[in-house]
2 protein chains.
Amino acid sequence: MTSQPTARDRLLDAAEDLAAMQGVSVTPVDAILERARVSPATLYAHFGTKEGLITQALRRRLARWDTTWQECIEEAPTPEEKLLAVFTALSRHRHALTPSRWCVFLGVAAETPHPGRDLEDTLAADTRLLLHRLEELAATLVDTQQAPLLARRLVLIYTGVLGMILRGTDVDTATAEGRHIAGMTLHAAAGSTSSAP
Amino acid sequence: MTSQPTARDRLLDAAEDLAAMQGVSVTPVDAILERARVSPATLYAHFGTKEGLITQALRRRLARWDTTWQECIEEAPTPEEKLLAVFTALSRHRHALTPSRWCVFLGVAAETPHPGRDLEDTLAADTRLLLHRLEELAATLVDTQQAPLLARRLVLIYTGVLGMILRGTDVDTATAEGRHIAGMTLHAAAGSTSSAP
DNA sequence: GTCTATACAAAGATAGAC
DNA sequence: GTCTATCTTTGTATAGAC
């Protein structure tokens, strides 16, 4: 056997790669079909529309990002390093996949002013995951009241790292600088908590 | 007289507004023409291509952003506040113009994988301006050796603020959080400089 | 400089056979 | 489930007149 991936998987691969490399709106359906070596009818039979395909590809990518991130958290020895593991995960995630210009989720969000319900929810799921997990991890380090605030700041810094990649900064350079800033933010928050009476 | 703006200006206005509100690639030329109340031939006579029009619109917008930022720097009383004035300028800039989904320059960069030479240069000019001016201002506060590093970190945080807007955070909320993080980064850099022997 | 009308290419999506 | 062939709409850009 050792058959090659199904047409459905090839479509998801092609859509994800092209969306990551050059964006959705500049990628015609034809380009996805050619890369996946699949006919138009097959795409529409499986996914209904181009946006449907993109949505499914993003869902799969988000699940993989989630897995990578969780692995990095488990590997981190201390609560503080678990909180900062999001930067390790970012670097690992990006080195593992097809090179992308920056963040695929933010990229699709930026070029889709009126997404359908499913796509909109998938895009929001990325932000939700970031905020939710960082808040959980933050709660092990600072006062519960302050955890949401710290989480939002870390998402801001993480998002800044992604933006710097779009501006042309090397991934590892941007990640290192983001991690540094995040470390300071973290210590400031933890310090103010523990020093308060 | 009090004649209305020329067709060229109306085209620039329309292109800038639509690029800011919904992005370039989803905005057909027809939509720009309709908003500007101008015929196709006029657009191509002035700007050659759609990308030429977008490029000129971005150049004008960058010049206005530059002016706003400089005003905020002049108004700031201390060197530290001058360095943080980029956040004041961001808020002021965005409230003064047509509502945009996030940063027009990063938005166009994100959806244009292969820009022409002029557009590419215009997009890069935004990042150059940020780095260059922040480095100048940083040099008044920290060791000259450290100024570029501090400037890069501030650009990262500033870019993070923009990204948070794309994620759905309110502009003023994101700006305030960015400013807070930037203030800490700044104090850490200034502190390490002055405390070193 | 600006208009009307239109050329030409490319897009997303579907029909019908196998 | 997958293919070939095609339909329809929309996109950018131009021709030629005023």
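Letters go in sequence order (proteins before strands), and every chain restarts at 1.
A straight line from CD of B:Glu34 to C1' of D:dG11 spans 15 Å, rounded to a whole angstrom. Distance, B:Arg10 CZ to C:dG1 C1': 12 Å, rounded to whole Å. Look at CG on B:Leu33: it is 18 Å from P on C:dT6, rounded to the nearest Å. The CG atom of B:Leu43 sits 14 Å away from the P atom of C:dG1 (whole-angstrom rounding). Straight-line distance from the CG atom of B:Leu53 to the C1' atom of D:dT12: 13 Å, rounded to whole Å. Going from atom CG of A:Asp9 over to atom P of D:dG1 covers 12 Å, rounded to whole Å. A:Leu11 has its CG atom 13 Å from the P atom of D:dG1, to the nearest Å. Atom-to-atom, NE2 of A:His46 to P of D:dC3 comes out at 9 Å; the value is rounded to the nearest Å.
Scanning for side chain to side chain donor-acceptor pair (under 3.5 Å) contacts around B:Thr127 gives A:Arg167, with sequence neighbours left out. Partners of A:His93 by ring-ring contact (aromatic ring centres under 6.0 Å, His included), not counting sequence neighbours, listed by chain and number: A:Trp65. Partners of A:Arg8 according to the side chain to side chain donor-acceptor pair (under 3.5 Å) rule, which considers only residues two or more places apart in sequence or in another chain, do not exist here. Residues satisfying the side chain to side chain donor-acceptor pair (under 3.5 Å) test with B:Asp172, not counting sequence neighbours, are B:Ser91.
With a 3.5 Å limit on both pairing distances and Watson-Crick or G-U wobble geometry required, the stems of 3 or more pairs in DNA chain C span C:1-18 with D:1-18.
Side-chain contact check for B:Thr122 and B:Arg59: at least one donor-acceptor pair (N or O, by modelled atom type) lies under 3.5 Å.
Grouped by direct or indirect side-chain proximity (heavy atoms under 4.5 Å, Ile/Leu/Val/Met/Phe/Trp/Tyr only), A:Leu149 sits alone. Residue B:Leu33 shares its hydrophobic cluster (ILVMFWY side chains chained together at separations under 4.5 Å) with B:Leu11, B:Leu12, B:Leu18, B:Met21, B:Val29, B:Ile32, B:Val38, B:Leu43, B:Tyr44, B:Phe47, B:Leu53.
Residue pairs meeting the side chain to side chain donor-acceptor pair (under 3.5 Å) criterion with at least one member in residues 13-29 of chain A, sequence neighbours excluded, are A:Asp13-A:Arg60, A:Glu16-A:Arg60, A:Glu16-A:Arg61, A:Asp17-A:Arg35, A:Asp17-A:Thr98, A:Gln22-A:Thr27, A:Ser25-A:Glu111, A:Ser25-B:Ser25.
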How does protein contact run along nucleotides 12-18 of chain C, one letter per nucleotide 5' to 3', with B for base contact, S for sugar-phosphate only, - for none, heavy atoms under 4.0 Å? SBBB---
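Rounded to the nearest 0.5 Å, atoms CG (B:Leu186) and CD1 (B:Ile181) are 13.5 Å apart.
Note on B:Thr42: every side-chain N or O is 4.0 Å or more away from OP1 and OP2 of C:dT2.
Minimum atom distance to the side chain of B:Ala45 is reached by C:dT2, of the listed C:dC3, C:dT2, D:dT2.
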